[in-house]
There are 2 protein chains.
Amino acid sequence: MSQTVARAIDIISFVSVRHRTLGQIAEHLGVHKSTALRLLQTLEEGGFVRRVPGGAYGMGFQLIALGQLALDQVEARSLAHPILHELSEKYGHTVHLGELAGDQVVYVDKIDGRGTVAMGSRIGLPAQAHTAAVAKVILAYQDEKTRARILEGAALTRFTPTTITDADALEADLALTRERGWAEDDGEHEDYINCLALPVFDARGRVTHGISITALRAVAPLAELRAHVDDFREAAHQISKNLGWGGDAYGRR
Amino acid sequence: MSQTVARAIDIISFVSVRHRTLGQIAEHLGVHKSTALRLLQTLEEGGFVRRVPGGAYGMGFQLIALGQLALDQVEARSLAHPILHELSEKYGHTVHLGELAGDQVVYVDKIDGRGTVAMGSRIGLPAQAHTAAVAKVILAYQDEKTRARILEGAALTRFTPTTITDADALEADLALTRERGWAEDDGEHEDYINCLALPVFDARGRVTHGISITALRAVAPLAELRAHVDDFREAAHQISKNLGWGGDAYGRR
DNA sequence: ACTCCTCGTTGCAAATGTCGCAATAGCTAT
DNA sequence: ATAGCTATTGCGACATTTGCAACGAGGAGT
């Protein structure tokens, strides 16, 4: 809609990867250096980019400040964090909190487990709708219409042999999720990682959040995670209560 | 420089305070609603703002993601965090890590102490140059020219009776800081809060970072903080070593 | 020490993108 | 149903932005 703003945003994401010089940025945008310079000057004034020693541009501190502020505004976070922390401590696994926002599930909290390896998830980034257990569990509990709308935007890209790439199979997986009360990710995004996720209910009994427990298959295969599902559910239940939910452990009111 | 980008930035900070409707945003900018809408649509596409249930606009999740990314790029953070955490655990006070970036000192890490009260500092926000102990300690160790440049941009606003509002007095305070090796904030920003800060040396022996220990005067007055200064210095020293510094505990090489 | 590059920065006229208007569409509450 | 609100789209006028060219600063190589 607005070319200028789109370019400014492009600059920020370009610069977020690594520091860039004016020339590189201008070339990336396909505009004259003077044009890029004026955009950068405005962004710098706002603290969105900054000049690093050497003259290149990098992300500004205002981004950090706004990110923290935005994070603080995620109410569920503060209500869930202590419980998630406890869970992570107890089992040593990585724990996520996902929130449904618009048409995607976003990670809003993450507690790294012991001996964590590189994992794609990051607070603030959206989860893959068809592979991430948190996404699947939240999706499973949405009404038909919402689910269809979200899945429409999902590409069902194959990442591993177990990735569900068929829409009907995914629907079946979601039905199973509803039935047993939790979702699983059987190495569907990374071969060697599996997760188990449970729904969190809000004050109106809707599922707007989910928690997931992530572990290396070699450390804790799905079977082991399943063995602790009652304990995990207890944590999810606790968070639900913190969100003002008055139902029982099975999601009924 | 670029009106459009400036407006986009204005929108983000306006929306960061609380959710706003299109009308409010347009009025705030002093532009027609259709203009504001087009800016918002572009920002939404980039994830910088999002529509919240009800139709209003709020901060987008991309801000969280970028903020986290920017934070991860602050190298000193990961090197200092464990040490700061330990310090905070041991004394129960709030601990900050400040970094000199351009012409201001920015908080890049913060560990809340036990029984923390509201404090203005936030990760990503700049520290007051003339009151915050972290800012003063970093400033004290800059060369004449840098110090002058930074102080030029500082307003020396009075917040409390002890705030140093005179440039000469501030220079004297900084000289004292250099001499004894630490800076103090004797309720200069908030009456009831005092801090003690120490310099962190980088690989080239320059002070680009500082750590501060903050406490309620009622809990731990300056005299008590001073009693532990050797311990605090040990932590600062440890961080310096992590940054590749090879000097001794007094900042000499 | 000098020249040759490259990079960032500024003034200016052309033109592209943006702006406000007015009309349309969606929504809520009366 | 209707009034009154907010959000959204098409379009012509024009203000903002754009690319150019020229300048200054800094570094590398001779």
Side-chain angles (χ1 to χ4, degrees), chain A residues 1-60 101-103 143 145-146 148-149 152-153 204, chain B residues 1-60 101-103 143 145-146 149 153 204:
Chain A
M1 304 272 99
S2 166
Q3 190 186 60
T4 312
V5 175
R7 280 177 177 163
I9 292 176
D10 197 354
I11 287 178
I12 294 174
S13 72
F14 185 61
V15 143
S16 74
V17 178
R18 77 175 70 94
H19 298 163
R20 312 280 192 174
T21 66
L22 174 61
Q24 293 171 334
I25 295 167
E27 191 190 12
H28 172 76
L29 294 179
V31 299
H32 198 271
K33 281 190 297 185
S34 59
T35 305
L37 178 67
R38 279 176 282 238
L39 296 175
L40 281 164
Q41 285 174 333
T42 312
L43 286 172
E44 188 181 3
E45 225 167 87
F48 281 68
V49 304
R50 69 190 178 107
R51 312 212 57 165
V52 298
Y57 292 89
M59 281 189 282
D103 284 4
D143 61 64
K145 200 171 117 252
T146 310
R149 179 163 46 80
E152 205 175 322
R204 278 180 275 184
Chain B
M1 302 274 99
S2 166
Q3 192 185 60
T4 310
V5 175
R7 280 177 177 162
I9 291 175
D10 197 353
I11 286 178
I12 294 173
S13 72
F14 186 61
V15 144
S16 74
V17 178
R18 78 174 70 92
H19 297 163
R20 312 280 193 175
T21 66
L22 173 61
Q24 293 171 334
I25 295 168
E27 191 189 14
H28 173 75
L29 293 179
V31 299
H32 197 271
K33 279 190 296 187
S34 60
T35 304
L37 178 67
R38 278 177 282 238
L39 297 175
L40 282 164
Q41 284 173 333
T42 312
L43 287 172
E44 188 181 1
E45 225 167 89
F48 281 68
V49 305
R50 67 184 179 114
R51 313 213 54 167
V52 298
Y57 292 89
M59 282 190 282
D103 284 4
D143 61 65
K145 199 172 116 255
T146 310
R149 180 165 44 81
R204 280 181 274 187

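Source: prediction; values computed, not measured. Each chain gets a letter, A, B and so on, in the order its sequence line appears, and its residues count up from 1.
Between C/dG17 and B/T4, no contact under 4.0 Å exists linking OP1 or OP2 to a side-chain N or O.
Taking atom CG of A/L39 as the reference point, atom P of C/dT18 lies 11 Å away to the nearest angstrom. At whole-Å resolution of the value, OH in A/Y57 and C1' in C/dC7 are 11 Å apart. Between B/I11 atom CD1 and C/dT18 atom P there is a gap of 13 Å when expressed in whole angstrom units. To the nearest angstrom, P of C/dT6 lies 14 Å from CD of A/E27. Between the NZ atom of B/K33 and the C1' atom of C/dT18 there is a distance of 19 Å, rounded to whole Å. As a whole-Å value, the separation of B/L37 CG from C/dT24 C1' is 14 Å. Atom CG of B/L29 and atom P of C/dT18 are 15 Å apart (whole Å).
For A/R51 and A/Y57, the positive end sits near the middle of the six-membered ring, less than 6.0 Å away and at most 45° from its axis.
Once rounded to the nearest 0.5 Å, the distance linking CD of A/E27 with NZ of A/K33 reads 11.0 Å. Rounded to the nearest 0.5 angstrom, B/L29 CG and B/L39 CG are separated by 7.0 Å.
Side-chain atoms of A/T42 come within 3.5 Å of backbone N or O of B/S2 as a donor-acceptor pair. Within the 3.5 Å criterion, the main-chain N or O of A/F14 finds a donor-acceptor partner in the side chain of A/R20.
Between the side chains of A/S34 and A/R38, a donor-acceptor pair is found at a separation under 3.5 Å.
Residues B/R7 and A/T21 both approach DNA chain C. Their nearest nucleotides, taken by heavy-atom distance, put A/T21 toward the 5′ side. The residue among A/H32 and A/M1 whose nearest nucleotide of DNA chain D is located toward the 5' end is A/M1.
Taking the 5' to 3' direction, DNA chain D first and last meets chain B under 4.0 angstrom from a heavy atom at D/dA7 to D/dT17.
Counting any heavy atom pair closer than 4.0 Å across all strands shown, A/Q41 reaches sugar-phosphate atoms only and no base atom.
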